[in-house]
Number of protein chains: 4
Amino acid sequence: MNLEYDGGMEQIDRAEGSPSSSAAPGRPRDTTIDARVTGAVVELLATVPYSALTLEGVAAAAGTSKPAVRRRWGSLPGVVVHTLISVLGTTPTPDTGCVHCDLIAGISTLSDTFQASPITRALPGLVSDLEADPELREVFRRDYFEARRATSRAVLEHAVERGELQDGLDLELTLDLLAAPIYYRAFFGHQPIDDGLAERTVLSVLNGVATADWQRHHRASRS
Amino acid sequence: MNLEYDGGMEQIDRAEGSPSSSAAPGRPRDTTIDARVTGAVVELLATVPYSALTLEGVAAAAGTSKPAVRRRWGSLPGVVVHTLISVLGTTPTPDTGCVHCDLIAGISTLSDTFQASPITRALPGLVSDLEADPELREVFRRDYFEARRATSRAVLEHAVERGELQDGLDLELTLDLLAAPIYYRAFFGHQPIDDGLAERTVLSVLNGVATADWQRHHRASRS
Amino acid sequence: MNLEYDGGMEQIDRAEGSPSSSAAPGRPRDTTIDARVTGAVVELLATVPYSALTLEGVAAAAGTSKPAVRRRWGSLPGVVVHTLISVLGTTPTPDTGCVHCDLIAGISTLSDTFQASPITRALPGLVSDLEADPELREVFRRDYFEARRATSRAVLEHAVERGELQDGLDLELTLDLLAAPIYYRAFFGHQPIDDGLAERTVLSVLNGVATADWQRHHRASRS
Amino acid sequence: MNLEYDGGMEQIDRAEGSPSSSAAPGRPRDTTIDARVTGAVVELLATVPYSALTLEGVAAAAGTSKPAVRRRWGSLPGVVVHTLISVLGTTPTPDTGCVHCDLIAGISTLSDTFQASPITRALPGLVSDLEADPELREVFRRDYFEARRATSRAVLEHAVERGELQDGLDLELTLDLLAAPIYYRAFFGHQPIDDGLAERTVLSVLNGVATADWQRHHRASRS
DNA sequence: CCATAACCGAGACGGTACGTCGCGTCTTGAT
DNA sequence: ATCAAGACGCGACGTACCGTCTCGGTTATGG
């Protein structure tokens, strides 16, 4: 790999450049290509595994050329990370004040995504490839991983404030307990990601971390 | 990958062939190569990510040739799966009758492995590559994944029998809750896999799935 | 090459447009660019072969931009054809009434050109490129090739009229016999184009196509 | 172009290596590819000009890959030179003792070739490209150009010995006069290469370079 | 004791995909 | 309408490495 080549990175900035600056010198980008590439990645992943993805194949499926793709996102992992973010990056998660409702909603969304969108099957390979690209790894962490995690963390924090969860709770571990089983099953495929999984997971975890008060009320309301 | 190629598989059988058949015609395999290759994989993974592994590089690092490696395990994922199994496949896990001791011991072993052995960093890429090789995937599932999982499952089953865990407990989900956070942190690296993680995870989960009796005794014994 | 592009051609007309139209709207062309580009082509060909010429390089060497060059002559072959015509298109060839003098003068000029001007080394590549551009090929044929050939043809015709060359002579073939060896040697480089070549060629050809009368007189005058 | 790359050249030697050496290490070449590539070049040139040839296109038309082509002949000009040699390199030219018969036969073969084989249209572009590759240029000169020229030169030399051509004749110039018109017309296309051209050219030239004796006999035999 | 046969190394092969170059196009802002 | 500057989409390049295959030599077993 030519480590001195970073010209593409400079160009990438263009797409994210200040939107108010109207004066971009040179021919403007064909904005339809962005969507066509993103769509091609999803479509391809519906039929072939991530390890069979190639930047050339993505470009061909998008009806464009390798340099056009590379100018935007640099590498194949770059393309896939961007696709992942644009497809799954922003998820509206509720924070209604009902801990278990909110958590079940959030985890259900995650579980639904793994059942529905082929893009998720790219995750293992992507994680592997990111190990060789720290810069891109940071983008992935910030704009995909942490973006999603933050909403659930807020739900937990508010529940702690309301006295529904134990004080001094290890928030990060709790977040892991909630989300990890989904990823775990997605990666190893040893058990299905079915519709009830989110609820069962959330209740199991809440049993362990909720206050006695909450558990009493919760049990009462279910009977 | 050439899916029609199975010549290597026939040869692989040789190594696992009936041990009673003493009459193997032809030059016998150099048994030192097996260990040298396994060691080379681990050593390489200590310095480079899985995506930078090549069968050629492994062969060179092991001081042998591509065909010699390929004869044994077919493909690069094959080599890595074998290495993973031979390094981490058989772990002595206790089943002493103390549910939280046994679980903490088991999960600690797992967590130690991720901290210590470079082979674990191959997991995401390996999982990705296995998607294109169902046969090898099955070997991985059986000899690595399920082999480890079975021991923890036994611990849980015995605890249910002893009345320490709730009757009708979803064993598979519980196993996921115990192990998934380790893998999750290893894959995404958002939180460290530190020494206390295993204990905190196990206690959190037991809080949710143990019977009231167990929780009472447990709390008493800790004070 | 994009054969559908003829936008440049419309612009080219401007340069050759009616000279009486004094009112050209917009910024007028920088007329110094024409000469700078022509000069740059010659200079570049002094050091690099035609196959290494690029429109970008020509523009840079001329101290201007790609669009400015393209506006004038469309493509790289267009630029070179124009340069060829402007450098070698109009050659003053004598028609004094002395067949061999005039022919030797004409062919010597051609031979000198090949020895002196780097532009001639563009010919093979140019001829090759013109095969994909019939329009430009016609310009080349008319303004370079036929322009030069016509003067020699006139010399031959007048010599036939004077009874110095055989009646019914195949003029075109004779023209080929006179000029072809120079081009042949220039293209394949198997023999040098030295100073006596033109004279030896002309005399050899005249030996074959002149009348007995002329040959008698010619031999007498040389002794 | 990477000027440091000459690995291919080493490999090319393999194909021309000593035929007796049976021990070539490594996988042997697929010999069908050689013919498929040569055929593809000819076929492509029947429909597109040389400037539209690409190594990639040739490989695709031959049903193989770029590296396989490159391993054999290095570059696109290399492939075309080889094709030229294998198609036109060895021409059986007669040397019967009848100087004009032999020359007409030889030049007719040349003229027929230009009328019939699409490979000849590659010549201008090839000559242009060879200017950047002296090594290949030498192969072309030796195995194509000089190989053909030598047979005609022998005819002329024998005719001189027999006293049919003038003593002290400039053989090289005479060879040029004979062959150049064909190439000249092929390159510039100003006049057709018809069936009688070879005979008219040869007789015109012989008129100029044959001895008076030969001319007397020749004229006598024609009447 | 030799023939058989699978192993070993070495290394060239056919091919996929890579990362890059430079073309020809197009747009901007200013002259 | 031209000028410069420069980014764009794209075709093709030349290379790296893959997985395959063939070789000549080596080393055990079995007739």
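Everything numeric here is computed off the predicted structure, so don't read it as measured data. Each chain gets a letter, A, B and so on, in the order its sequence line appears, and its residues count up from 1.
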Can you measure Asp34(B) atom CG to dC7(E) atom C1' for me and round it to whole angstrom units? 13 Å

Could you please name the option among dT2(F), dG9(E), dG9(F) that lies closest to any side-chain atom of Arg71(C)? dT2(F)

For residues Leu45(A) and Val41(A), determine if any side-chain heavy atom of one lies less than 4.5 Å from a side-chain heavy atom of the other. yes

Can you tell if the side chain of Trp73(D) reaches within under 4.5 Å of the side chain of Val81(D), non-hydrogen atoms only? no

Interatomic distance where CG belongs to Asp133(A) and P belongs to dG19(E) [whole Å]: 11 Å

Is any side-chain N or O of Lys66(C) under 3.5 Å from a base N or O of dG6(F), one able to act as donor and the other as acceptor? no

Do any side-chain nitrogens or oxygens of Arg29(D) fall under 4.0 Å of OP1 or OP2 in dG11(E)? no

For Leu76(C), which contact category applies under a 4.0 Å heavy-atom criterion: base, sugar-phosphate, or nothing? nothing

Less than 4.5 Å apart, any side-chain heavy atom of Val69(B) and any of Lys66(B)? no

Kindly indicate whether the side chain of Arg27(A) and the base of dC26(E) share any N or O donor-acceptor pair separated by less than 3.5 Å? no

For Trp73(D) and dG14(E), give me the distance from atom CH2 to atom P, rounded to whole Å. 10 Å

On DNA chain E, check which nucleotide each of Thr31(D) and Ser75(A) is closest to and give me the residue with the more 5' one. Thr31(D)

Taking the nucleotide of DNA chain E with the nearest heavy atom to each, does Arg36(D) or Gly57(C) sit closer to the 5' end? Arg36(D)

Which whole-number value in Å describes the distance from Leu55(D) CG to dG14(F) P? 7 Å

If you pin Gly63(C) and Pro67(D) to their nearest nucleotides in DNA chain F, which one's is more 5'? Gly63(C)

Nucleotide nearest Ile33(D) (side chain, heavy atoms from C-beta), chosen from dC3(F), dC8(E), dG14(E): dG14(E)

Between CG of Asp30(A) and P of dT27(E) the distance, given in whole Å, is 11 Å

Residue pair Arg72(A) / Val37(A), side-chain heavy-atom distance below 4.5 Å: no

Spacing between Leu136(B) atom CG and dG19(F) atom C1', to the nearest angstrom: 16 Å

Has the side chain of Arg70(D) got a donor or acceptor atom that lies under 3.5 Å from a matching backbone atom of Ser75(D)? no

So, does Arg70(B) get its side chain near the phosphate of dG19(F), meaning an N or O under 4.0 Å from OP1 or OP2? yes

Pairwise 5' ranking along DNA chain F for Glu56(B) and Thr64(A), keeping only the more 5' one: Thr64(A)

Which nucleotide in the set dG14(E), dG19(F), dC10(F) lies at the smallest distance from any side-chain heavy atom of Ser65(D)? dG14(E)

What's the closest nucleotide to the Thr54(D) side chain, out of dG9(F), dG14(E), dA12(F)? dA12(F)

In whole angstrom, give the distance that lies between atom CG of Leu53(B) and atom P of dG19(F). 12 Å

